Structure formats: C-alpha cells, structure tokens
Number of protein chains: 2
Amino acid sequence: MYRHMISLEQKYDSLLQEAERRSQPGIANLRLCFELLALTAAIDRDCAVRLAPYNLSEGKFVVLFLLHGQPQGLSPHELADRAGVTRPTITGLLDGLERGGFLARHSGLQDRRKVSIRLSEKGDATARSLFAEHTRWIGSLFEGFSAEERSQFSALLQRVWRSTDAGKMESPAIAGEPAP
Amino acid sequence: MYRHMISLEQKYDSLLQEAERRSQPGIANLRLCFELLALTAAIDRDCAVRLAPYNLSEGKFVVLFLLHGQPQGLSPHELADRAGVTRPTITGLLDGLERGGFLARHSGLQDRRKVSIRLSEKGDATARSLFAEHTRWIGSLFEGFSAEERSQFSALLQRVWRSTDAGKMESPAIAGEPAP
DNA sequence: GACATTTGATTAGGCGCCATACTATGTACC
DNA sequence: GGTACATAGTATGGCGCCTAATCAAATGTC
C-alpha cells in the first residue's frame, strides 16, 4: 500500500491481527494509535542511541542540562522538581553521573541537610556541546514542515490529548458543576 | 493562546525555556516534538492506570493476550518473538504472571528443553474480557476522527517517521548503492 | 530546653526492560 | 559414538523509574 509505512512493534502487529480476526470495530483508530506509539518509540530509541556514546541516558542528560549555567549548584530536591521525577530517582541519576565524573555533591553550608550539586569541568563541557547538538537533532525530525503543517499536526495531537485522562482534567470549569 | 494545550512534562518545559533563552533556531519544531512525546506519555500512563486494577502491566497484558486461544500453550521463545521483547524479559513477565495465578509453566514432552506456557482459568477469563475493553479504550482516544483526518494524521506521522533512524533504513533500494 | 512536625536526602525493595553469561538438552558431522 | 554447535530457558546484574520507610537536621511550640 504505502511506500514508507511506519513499522509497528511486534506486539502491536499481533494485537491488530487479533482485532481483525475478531472484526472488532474501530480497527482504523487502533492502527492509528499504534502508529503514534511506534513513532514515539522510534524517537526514544534514537535519542538513547545518540546519548549512549557519552554514557548518558535521557534522564541523566536532563539533569546535566538543568545544572548547566548554575555555578552555585542546585539541590537534589530542586532537580527532582524541574526534571519531573521523584527524589529517589534523582538520587539514582546523581549516583550514576557522579560515578561518571560529570558532577560532584557538595555538602550545604547553611542548611546541613541540603546537598549542592555542581557540574565538573567535564560535565559542563558535555552539557554545553550536547544541548545544542541534541536540540538540533530533535528539530531535524520535523525538517521540512511548514508552519501550517506544524499547527495542523499540533491541532491533531491536541484533539487526541483531550481524550486522555490528563486532557479531561484540564477543563474542570464546565465538568466541575454540581451534578443534578 | 490555546484553550486546551497539551501540558508538557516538566523537563521539556525546562528544555524549551533554555532553548528560548538561547534563541536557538527551530524552537517550533522542538515544541512540536515535545507535544508528541507528551501525548504518548499520557496515553502510556492511562494504559497503566487501566491495567493496574488487574495487577497487570502492558507487557504482561500482551503476554496474556498472546496466550489467549492457544490451549496447547506457547513456549517462552515464541512469546518473546511475538511480543517483541528479549527472552530474559519474557522470563520476568512469566514469573510475575505465574505468581499472580494467570498461567502455569508445563514441562515439554518431546523436547525436554522446551516449556509450554498455558493460561489458567483466571488468565483466560481476564484475557477475554480485557482485550475487548482495552481495544475499545484505545479506539476511544480517536473518537470523532473522520477517515480523512485519520489519513491526514497518519501521513504526518509517517513524515516524521522517515526522519528517524528506523525510517531511514526502510528505503535501502536507493541508499544501498555502492559508494563511489 | 524538650517535644513533635516538617523537610532534605537516602535506602530498601519492586517492576519492566535490557545484555551477558551460564546450564541443559538436542542435533550434526566425522 | 564423541566432539562441536545450536537452541531453550534462566540467573545475574544493570538502568530508570516508582512507593514506602528511614535517618538527619531544622523549625515550631510549649
């Protein structure tokens, strides 16, 4: 059919086959959803491939970038908030980054509970070059998209988003009315 | 601006802010990519929420569904192939599913290396009801999409796909020519 | 000053995924 | 029939994420 078709993950192929066998309604929607998931999975894989040479994961990259340009450092708590992960997760990421020599933990001065995380020379250099490289790569995924196509794509994404749980929570002004 | 906007993960917000501060080119592409990732993350979360009451993850659900309608069972190897994960991963999923009483391992008859995985009563019942429920939910994400919108969306996804590493490998007929 | 409460960071334990390395069984070849 | 190889399954250990529990330091209250 199509010349270039998104190749679905094996599991989604199996799922689709079964749905077809049962002649389930809404197969077209199912396939579309799987294409969406497959695309994101491919992007995630590419991302991991690009960071692997530096011994970084996506989570570690985010931490590195958050610390960049913060010579006085950030606390694990702040990092967790800005990265959108839990504090224990940050602890793990910091362990790995410290092992790799990207940063160091410095004990706090005023509040002795606090730890100040600061990039090493290596960490700073890596963050600087990698940020530009990485955002350039991400941008390149949408190379050739016109402004109109972008807003078309964005509008479609938003329509799906509104069907998700998170999307439904976004408009409580109407839904929050007292039930009759 | 928009009434309903996809709320990005915290980390992507930070990344975007920094890119804006640097007035990096291609910010629009960057934002679009993050919207795509945020949507998929939201779908994954919803999926996990819907499976959690059954003590199932997405991986386990796939295994359950693959075994459904296979009264003679499947081997871990076959399951790994069809689920698109490695054999060690299947071992872990089977451990969990066996603990949960969804299936049992039966030692092979002819080939004593092989193990036959068969669903229990509970596993079969769960698979049956959950498959329909789950695919119905996925389909509902795209409720209200016309056939035209679907193909429009699919076309956009495919365009991005072609920029990924996986997408570039798909057309080796041209790229595979001997280098001069 | 002694108490409970809050806050900061970590540890412990679990899940899902992976890669590597192993054991046991089957198969092919000389 | 014995050696080499392939195959099946798994144990081990790693990573990234989570929740719940723990410990230390700061803070509020009496």
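Residue numbers start from 1 in every chain, and the chains themselves are labelled A, B, ... in the order their sequence lines are given, proteins ahead of strands. Here the structure is a predicted model, which means the values were calculated and not measured.
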Side-chain donor or acceptor of A/T126 paired with backbone N/O of A/K122 under 3.5 Å: yes
Does [X] pair with [Y] as a salt bridge, N-O distance under 4.0 Å?
X	Y	result
B/K60	B/D95	no
A/R50	B/D165	yes
B/E133	B/R136	no

Please report, rounded to the nearest Å, how far the [atom2] atom of [N] is from the [atom1] atom of [X].
X	N	atom1	atom2	value
A/Q110	D/dT27	CD	P	10 Å
B/N55	C/dG16	CG	P	10 Å
A/D111	C/dT7	CG	P	12 Å
B/E58	C/dC17	CD	C1'	12 Å
A/L74	C/dA9	CG	C1'	15 Å
A/L51	D/dC15	CG	C1'	14 Å

Side-chain donor-acceptor pair present, A/S154, A/S151, cut-off under 3.5 Å: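 Side chains of A/S154 and A/S151: no pair found under 3.5 Å.
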Side-chain donor-acceptor pair present, B/S116, B/R118, cut-off under 3.5 Å: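 Note: B/S116 and B/R118 side chains meet the donor-acceptor criterion.
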Under-4.0 Å side-chain N/O to phosphate OP1/OP2 contact, B/K114 with D/dT7: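 Indeed not, no polar side-chain atom of B/K114 lies that close.
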Given DNA chain D, 5'-ward residue of the pair A/R112 and A/L56, judged by closest heavy atom: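 Nearer the 5' end of the strand: A/L56.
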Residues from residues 87-107 of chain A lying under 4.0 Å of DNA chain D - heavy atoms: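 Per residue number, the list reads A/P88, A/T89, A/L93, A/R99.
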Contact residues, residues 75-84 of chain B to DNA chain D [heavy atom, < 4.0 Å]: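 When residues 75-84 of chain B is checked for heavy atoms under 4.0 Å from DNA chain D, the hits, listed by number, are B/S75, B/P76, B/H77.
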A/R150 charged N/C atom sitting above A/F142 aromatic ring, 6.0 Å / 45°: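 No; the conditions do not both hold, so A/R150 does not lie above the ring face of A/F142.
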Side chain to side chain contact (heavy atoms under 4.5 Å, CB included) between A/F131 and B/R22, intermediate numbers included: CA-CA 11 Å; A/F131 179 77; B/R22 298 191 182 197; 3.4 Å; yes
5′-ward residue of the pair A/V115/A/K11 relative to DNA chain C: A/V115
Among A/I90, A/V62, A/T89, side-chain contact (heavy atoms from CB on, under 4.5 Å) partner for A/L79: A/I90
Touch class at under 4.0 angstrom, heavy-atom based, for B/S57 against every strand present: sugar-phosphate
Presence of donor-acceptor pair under 3.5 Å, side chain of A/R113 and base of C/dT7: yes
